[in-house]
Amino acid sequence: LLTSVMENEGKSTVAANLALSLAQENKNVLLIDCDFRKPAQYLIFGVPEKETIDLPGILKNKSGLGSLIKKRKDCGLYTIFNSVPSDSMEELLENGMFQYILDFCRDKMDYIILDTSPMALVADAEELAQMADASVLVVKQDMVLARDINDAVDILNNTNGRVLGCIFNDVMTGLSPAAGRYGYGGHYGKRTE
């Protein structure tokens with residue numbers, strides 16, 4: 001499971017890149033857009049909206065499973081791309097259909113990546129983390145406070161899966177004026193670029 005504290009920290013892009021990287025290593029990877037409130041994976045991959053599915057509708061009605069998973073032609077990446085926003089996450093997970101889909105796919109995939117909603121906005125990621133084996137928090141530099149990051153990690157640590165760590169995203173590459181200095185104004189270890 002990949003999540004973030006706030007919007008626009010790059011979690012969907014990280015999830016897409018991670019899925020593609022693993023698939024290029026000849027792994028069978030399933031990428032599921034679980035950000036039910038603001039789906040984005042179909043946009044990242046340039047998939048026309050008409051070629052996506054109504055995942056909330058499938059979960060609610062328990063129908064349409066045959067066309068749920070799509071395989072990309074260029075690699076071993078399988079996708080479940082939703083384009084229909086929904087505010088009823090609890091209702092969608094209540095009937096056990098999503099858990100059934102995950103359990104079915106666990107035997108067939110090397111990795112399943114869940115791209116979820118940001119944690120500070122809704123409790124969706126926490127609910128989905130209960131179903132995941134592990135979670136990763138994507139943190140954009142200078143976006144959220146350290147205490148909010150710590151709170152998110154604490155919440156994820158209280159789920160069934162383990163927290164693998166954080167991905168520090170969109171890091172500025174320039175060095176500050178004090179970077180590379182050691183001690184009291186010394187120049188030990190000064191980096192050259």
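For the numbers below, each heavy atom of this structure counts, side chains included, while hydrogens, waters and symmetry mates do not. Quantities reported herein were computed from a predicted structural model and do not represent experimental measurements. The first residue of the sequence shown is numbered 1, and numbering continues consecutively from there.
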Using 0.5 Å steps for rounding, measure from the [atom1] atom of [X] to the [atom2] atom of [Y].
X      : Y      : atom1 : atom2 : result
Ile53  : Asp33  : CD1   : CG    : 9.5 Å
Lys71  : Tyr78  : NZ    : OH    : 4.5 Å
Ser135 : Asn157 : OG    : CG    : 7.5 Å
Lys11  : Lys140 : NZ    : NZ    : 13.0 Å
Leu137 : Ile155 : CG    : CD1   : 10.0 Å
Thr79  : Asp115 : OG1   : CG    : 12.5 Å

Answer yes or no: is there a side-chain heavy-atom contact under 4.5 Å between [X] and [Y]?
X      : Y      : result
Met6   : Asp148 : no
Val5   : Leu145 : no
Glu49  : Ser83  : yes
Leu55  : Leu59  : yes
Leu30  : Ile113 : no
Met131 : Asn160 : no

Using atom types as modelled and distance alone, determine if a side-chain donor or acceptor of [X] lies under 3.5 Å from a backbone N or O of [Y].
X      : Y      : answer
Asn169 : Glu9   : yes
Ser4   : Gly10  : no
Glu127 : Ala123 : no
Gln41  : Phe81  : no
Asn28  : Tyr111 : no

Which pair of heavy atoms, one from [X] and one from [Y], lies closest together, and at what distance?
X      : Y      : answer
Pro56  : Ser86  : CG-CB, 3.7 Å
Ala125 : Ser117 : CB-O, 3.6 Å
Cys34  : Leu114 : SG-CD2, 3.8 Å
Pro118 : Asp35  : CD-OD2, 4.2 Å

- Message: I'd like to know whether Thr116 forms a side-chain hydrogen bond (donor to acceptor under 3.5 Å, both in side chains) with Asp124, so could you lay out the CA-CA distance, the side-chain angles of the two residues, the decisive distance to 0.1 Å, and finally the verdict.
- Response: CA-CA 7 Å; Thr116 69; Asp124 298 358; over 6 Å; no

- Item | Pair Glu51 + Lys70, salt bridge at N-O below 4.0 Å | no

Sequence neighbours excluded and cut-off under 3.5 Å, please list the side-chain donor-acceptor pairs for residues 20-27, or say none.
unit_1	atom_1	unit_2	atom_2	d
Ser21	OG	Asn17	O	2.9

- In chain order, what residues pass the side-chain contact (heavy atoms from CB on, under 4.5 Å) check against Asn95, with sequence neighbours excluded? Lys62, Met97

- Note on the structure: For Phe168, the side-chain contact (heavy atoms from CB on, under 4.5 Å) test, sequence neighbours excluded, returns Val139, Gln141, Val171

- Item | Whether over 12 other heavy atoms sit under 6.0 Å from Lys38 NZ | no

- Item | More than 12 heavy atoms from other groups under 6.0 Å of CZ on Arg106 | yes

- Message: Hydrophobic cluster membership, with links at side-chain heavy-atom distances under 4.5 Å among I/L/V/M/F/W/Y: are Ile44 and Leu1 in one?
- Response: no

- Task: Please work out whether the ring planes of Phe98 and Phe36 are parallel, tilted or perpendicular, with thresholds of 30° and 60°.
- Result: perpendicular

